[in-house]
Novice: 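Okay, handing you the structure first.
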Protein chains: 4
Amino acid sequence: MAAPAAAPNPSPANDKRERILDAAVQVFAQRGFFQARVSDIAREAGVADGTIYLYFKNKDDLLISLFEDRMEGIIARFRLELDRLSGPAERLHRFIVMHLDLVEHQPQLAEVLTVELRQSSKFMREYRAPKFAEYLGILVDILESGRVAGVFRPDIEPRILCRVIFGALDEVSLVWSSARREKYAPAEAAREIWNLCARGLLTEAPPPASRRPRRRRETPPTDP
Amino acid sequence: MAAPAAAPNPSPANDKRERILDAAVQVFAQRGFFQARVSDIAREAGVADGTIYLYFKNKDDLLISLFEDRMEGIIARFRLELDRLSGPAERLHRFIVMHLDLVEHQPQLAEVLTVELRQSSKFMREYRAPKFAEYLGILVDILESGRVAGVFRPDIEPRILCRVIFGALDEVSLVWSSARREKYAPAEAAREIWNLCARGLLTEAPPPASRRPRRRRETPPTDP
Amino acid sequence: MAAPAAAPNPSPANDKRERILDAAVQVFAQRGFFQARVSDIAREAGVADGTIYLYFKNKDDLLISLFEDRMEGIIARFRLELDRLSGPAERLHRFIVMHLDLVEHQPQLAEVLTVELRQSSKFMREYRAPKFAEYLGILVDILESGRVAGVFRPDIEPRILCRVIFGALDEVSLVWSSARREKYAPAEAAREIWNLCARGLLTEAPPPASRRPRRRRETPPTDP
Amino acid sequence: MAAPAAAPNPSPANDKRERILDAAVQVFAQRGFFQARVSDIAREAGVADGTIYLYFKNKDDLLISLFEDRMEGIIARFRLELDRLSGPAERLHRFIVMHLDLVEHQPQLAEVLTVELRQSSKFMREYRAPKFAEYLGILVDILESGRVAGVFRPDIEPRILCRVIFGALDEVSLVWSSARREKYAPAEAAREIWNLCARGLLTEAPPPASRRPRRRRETPPTDP
DNA sequence: CATGAATGAGCATTCATTCAT
DNA sequence: CATGAATGAATGCTCATTCAT
């Protein structure tokens with residue numbers, strides 16, 4: 001969607017654009033945006049340095065495009081999956097699990113999308129990362145609908161809470177990525193975060209033993 | 001010439017070192033680590049470029065020293081304050097409030113300590129940030145002691161949960177900083193995070209109306 | 001398909017070559033040789049970048065070809081016109097007027113032919129610009145024939161003087177072009193140069209009244 | 001006068017600035033502005049590449065500074081010399097001789113001041129070359145004062161004529177420089193230009209014998 | 001201890017030219 | 001003949017770091 005500097009059209013060309021984006025994910029994840037050389041990305045992509053500038057205006061634009069492009073796919077996948085669930089609690093649980101799944105299976109992409117974007121936010125304060133907003137929007141919608149439906153506490157503030165949950169997910173992801181998988185499995189983290197959310201958000205909070213069954217039906221199991 | 005009472009070691013040298021660190025906080029916060037020029041910091045500190053290298057090995061070392069130095073003070077303050085509280089819940093609440101207080105009143109320092117450190121983590125993968133570990137350690141201790149004391153759920157994993165909570169605090173701080181205070185007040189965020197923790201962590205969760213007074217005593221008020 | 005009457009050789013190929021040369025005049029005049037991009041010329045000509053290399057060896061060759069090509073036409077026109085005049089003085093006057101006429105009516109071409117050629121002379125020291133020599137040759141011939149005929153002073157040095165006059169014309173043209181016509185009209189400049197050639201500057205060399213009529217007949221009027 | 005990027009002060013520093021300017025004259029004259037590499041100039045000056053940027057904002061600024069700086073000295077020398085002469089004719093003659101003297105003894109400087117400046121004028125159309133205007137101003141003043149004094153024809157237009165004479169000098173200089181002294185001596189060219197100015201070309205304007213002595217006194221000898 | 005002029009390695013970006021289609 | 005995507009050599013400029021003063 002975002003128009004590149006002077007984007008060639010044919011499908012083999014798009015293939016090249018794709019290869020550059022993939023290479024950028026690898027290189028940005030490994031070296032960080034500022035320490036990554038454009039020529040590193042070119043080599044990784046198997047193209048000449050100059051070719052990158054046929055598809056992206058400059059190094060910044062490459063990062064932004066990468067972000068927009070990859071987020072688009074992720075958002076679509078998330079939406080597809082979440083739309084199959086009805087209860088806000090299930091959907092929140094699913095969101096948490098999917099986010100950490102992504103981190104587990106595409107750690108480099110995850111790293112770039114969170115850490116690197118944040119780091120470059122310094123020099124692109126104006127770049128509002130619309131796709132990131134959209135991603136958070138999914139979370140906001142879940143929280144808001146849950147609040148309205150009476151499943152979540154009425155006093156929650158979705159705009160803030162979405163950041164709280166995202167921050168938790170992001171930090172946990174970062175540690176897992178950079179600790180190189182030593183400390184815990186993403187599934188553990190997912191359980192921990194979900195538990196925090198579940199027992200903190202639900203209106204039916206004080207489930208007397210008798211009421212537990214009902215909550216069980218409404219909230220996904222803690223250990224999936 | 002006479003040393004001011006408040007400054008324990010105001011020798012010219014330490015004074016200069018301190019000025020450089022202060023300047024570094026400003027400049028790193030404003031431009032980001034990679035975009036900050038050493039000469040910017042020198043100018044801000046009112047010293048010559050070369051002087052910085054009398055106190056710090058290089059630009060990286062300056063960031064690390066800054067981190068260690070400032071974290072030390074923060075940790076000390078946190079410990080002092082937290083030691084006056086006994087209940088794990090109160091202490092956790094206090095931790096959340098203090099963290100966001102710091103962000104509110106020293107936003108530039110907060111930004112450097114979290115965002116910038118993470119961004120430079122790329123090129124200092126080996127730097128384990130001992131002071132950051134110590135900071136998290138405070139949180140871990142609170143969680144662990146609460147778990148042991150039966151105040152927090154027995155199935156929590158403090159090593160993970162401390163990250164969850166820190167991530168939530170950090171993200172909320174970042175948004176507040178970069179949104180330039182537009183969206184919400186740190187106090188709101190503190191309440192949101194605390195509520196999430198409180199109703200999700202406490203074993204005494206289902207307080208029947210009759211038991212509420214007891215919880216009130218045990219958990220700090222949601223709206224301070 | 002049917003060749004227009006006016007164009008002697010409007011085969012598609014020549015047409016394209018011509019369009020490229022025209023485009024080059026525009027672009028070189030506007031941006032200068034070194035700052036002009038080959039792709040700019042291609043766009044202006046409405047051809048692909050690579051097409052230019054079917055007609056010209058490289059960018060340098062394009063400039064040289066442009067020069068040779070356009071000078072050829074100019075020289076032919078000058079010769080045609082000058083051959084109709086007999087007196088060296090009239091012919092010199094006509095040369096001056098025609099040169100400045102060219103500048104006035106084809107300013108971009110004039111700029112490229114003089115300024116840009118000179119600027120690129122740095123990297124083509126070997127290129128002797130035969131057509132330019134031919135152009136100057138016209139002037140030399142006028143001067144020499146005038147000297148031999150006794151119309152011009154016997155002590156003039158045509159090889160040098162032709163440069164003097166050309167330099168005067170060229171500078172005056174440059175100013176007129178780059179000042180964007182603000183300062184004076186080419187006709188004024190023509191008069192000034194011609195007067196200098198005809199009479200010099202000094203007042204104290206007044207031709208006796210009696211001889212004036214003869215000079216008047218021999219020299220074209222100062223104000224044409 | 002023109003403030004450089006961040007000019008160091010002490011005399012040894014100015015020495016370096018001077019060496020860079022000298023080197024720039026050599027390199028610009030030899031390769032032309034666009035083809036000259038900043039690193040060439042640095043090597044020629046015996047400094048590091050970066051040092052140039054301590055004294056000049058960028059490559060353009062180096063050329064402009066060079067121009068302003070060298071022209072200043074030249075203008076001062078010209079003024080000093082010309083102030084010792086009273087008659088406008090003598091002064092004009094002297095100007096011509098001095099200009100070509102400069103070309104003869106500092107050919108590289110002359111080349112840069114005329115050819116290279118013109119060539120870069122493309123990308124600094126806004127740079128009005130104040131020192132060049134000042135230089136021309138000397139010529140304008142000579143012409144104007146001569147006109148007012150009745151020594152020069154009353155119908156001359158000094159603003160145009162100064163360009164005519166400068167153009168003649170410049171072209172003649174260029175040829176002499178690039179022909180590498182083969183064709184003629186600057187003194188010859190000076191004589192030719194001066195004769196043109198003094199007497200024009202036409203033989204039929206013979207000053208009566210009686211008036212010659214007065215002219216002889218007023219105008220410098222044709223053959224010095 | 002302090003200085004800040006000098007250094008030079010490092011890198012993003014441009015653009016003339018090529019060649020597969 | 002024509003195209004224009006791809007190439008990659010070339011270079012201006014920056015800035016962390018040093019060291020003579």
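Note that the structure is predicted; figures quoted are calculated from it, not measured. Chain letters run A, B, ... following the sequence lines, proteins first and then strands; every chain starts at 1.
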Novice: Look only at the side chain of C/Lys16 and the backbone of C/Ile52, and say whether a donor-acceptor pair between them is shorter than 3.5 Å.
Specialist: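 The answer is no, because no donor-acceptor pair under 3.5 Å joins these two groups.
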
Novice: Expressed in angstrom and rounded to an integer, what is the separation of C/Tyr53 atom OH from F/dA6 atom P?
Specialist: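 Rounding to the nearest Å, OH of C/Tyr53 and P of F/dA6 are 18 Å apart.
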
Novice: Using a strict 4.0 Å threshold on nitrogen-to-oxygen distance, state whether B/Asp69 and B/Lys131 make a salt bridge.
Specialist: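 Between B/Lys131 and B/Asp69 there is no salt bridge, as every charged N stays at least 4.0 Å from the carboxylate O atoms.
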
Novice: In whole angstrom, what separates A/Arg19's CZ from F/dA5's P?
Specialist: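 Between P of F/dA5 and CZ of A/Arg19: 16 Å.
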
Novice: Atom CD of A/Gln35 and atom C1' of E/dA12: how far apart are they, to the nearest Å?
Specialist: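 Taking atom C1' of E/dA12 as the reference, CD of A/Gln35 is at 15 Å.
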
Novice: Rounding to a whole Å, what distance do you find between B/Arg37:CZ and F/dT17:C1'?
Specialist: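 From B/Arg37 CZ to F/dT17 C1': 16 Å.
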
Novice: Could you provide the dot-bracket string of DNA chain F, using ( ) for intrastrand pairs, [ ] for crossing pairs and | for bases paired to another strand, with Watson-Crick or G-U pairs below 3.5 Å?
Specialist: .||||||||||||||||||||

Novice: Between D/Asp61 (CG) and F/dG12 (P), how many Å, whole number?
Specialist: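 About 15 Å, once rounded to whole Å.
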
Novice: Return no unless some side-chain N or O of A/Lys16 is found under 4.0 Å from OP1 or OP2 of F/dA5.
Specialist: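 Looking at the OP1 and OP2 atoms of F/dA5, neither is under 4.0 Å from any side-chain N or O of A/Lys16.
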
Novice: Taking OP1 and OP2 of F/dC15, is either one under 4.0 Å from a side-chain nitrogen or oxygen of B/Ser39?
Specialist: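 For F/dC15, neither OP1 nor OP2 has a side-chain N or O of B/Ser39 closer than 4.0 Å.
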
Novice: What is the distance from NZ of D/Lys57 to C1' of F/dG12, rounded to the nearest Å?
Specialist: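 In whole Å, F/dG12 C1' and D/Lys57 NZ are 15 Å from each other.
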
Novice: Taking only side-chain N and O atoms of B/Tyr55, does any of them lie within less than 4.0 angstrom of OP1 or OP2 on E/dA2?
Specialist: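 For E/dA2, OP1/OP2 do have a side-chain N/O of B/Tyr55 under 4.0 Å.
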
Novice: Just to be sure I understand the geometry, which residues of residues 41-50 of chain D put a non-hydrogen atom under 4.0 Å away from DNA chain E?
Specialist: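 Heavy-atom cutoff 4.0 Å gives D/Val47, D/Ala48, D/Gly50.
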
Novice: Just how far, in rounded Å, is C1' of E/dT14 from CZ of C/Phe34?
Specialist: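 Those two atoms, CZ and C1', are 16 Å apart.
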
Novice: For the residue pair C/Glu44 / C/Gln26, report whether a side-chain donor-acceptor contact shorter than 3.5 Å exists.
Specialist: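 No - no donor-acceptor pair under 3.5 Å links their side chains.
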
Novice: Taking the side chain as every heavy atom from C-beta outward, state whether D/Tyr53 and D/Val38 have any atom pair closer than 4.5 Å.
Specialist: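 Yes, close enough: below the 4.5 Å cut-off.
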
Novice: Would you indicate whether the side-chain heavy atoms of D/Leu66 and D/Ile20 approach each other to under 4.5 Å?
Specialist: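 Heavy-atom side-chain distance check fails, nothing below 4.5 Å.
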
Novice: Round to a whole Å and report the spacing from CG of A/Asp15 to C1' of F/dA6.
Specialist: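 Distance check: A/Asp15 CG to F/dA6 C1' gives 13 Å.
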
Novice: Taking C-beta and beyond as the side chain, do C/Asp22 and C/Arg70 meet within less than 4.5 Å on heavy atoms?
Specialist: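 Yes, side chains in contact.
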
Novice: Please assess A/Leu21 against A/Tyr55 for the test side chain to side chain contact (heavy atoms under 4.5 Å, CB included), listing each intermediate value before the final yes or no.
Specialist: CA-CA 10 Å; A/Leu21 286 175; A/Tyr55 295 92; over 6 Å; no

Novice: Between C/Arg43 and C/Asp40, does any NZ, NE, NH1 or NH2 come within less than 4.0 Å of an OD or OE carboxylate oxygen?
Specialist: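 Yes, charged N to carboxylate O under 4.0 Å.
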
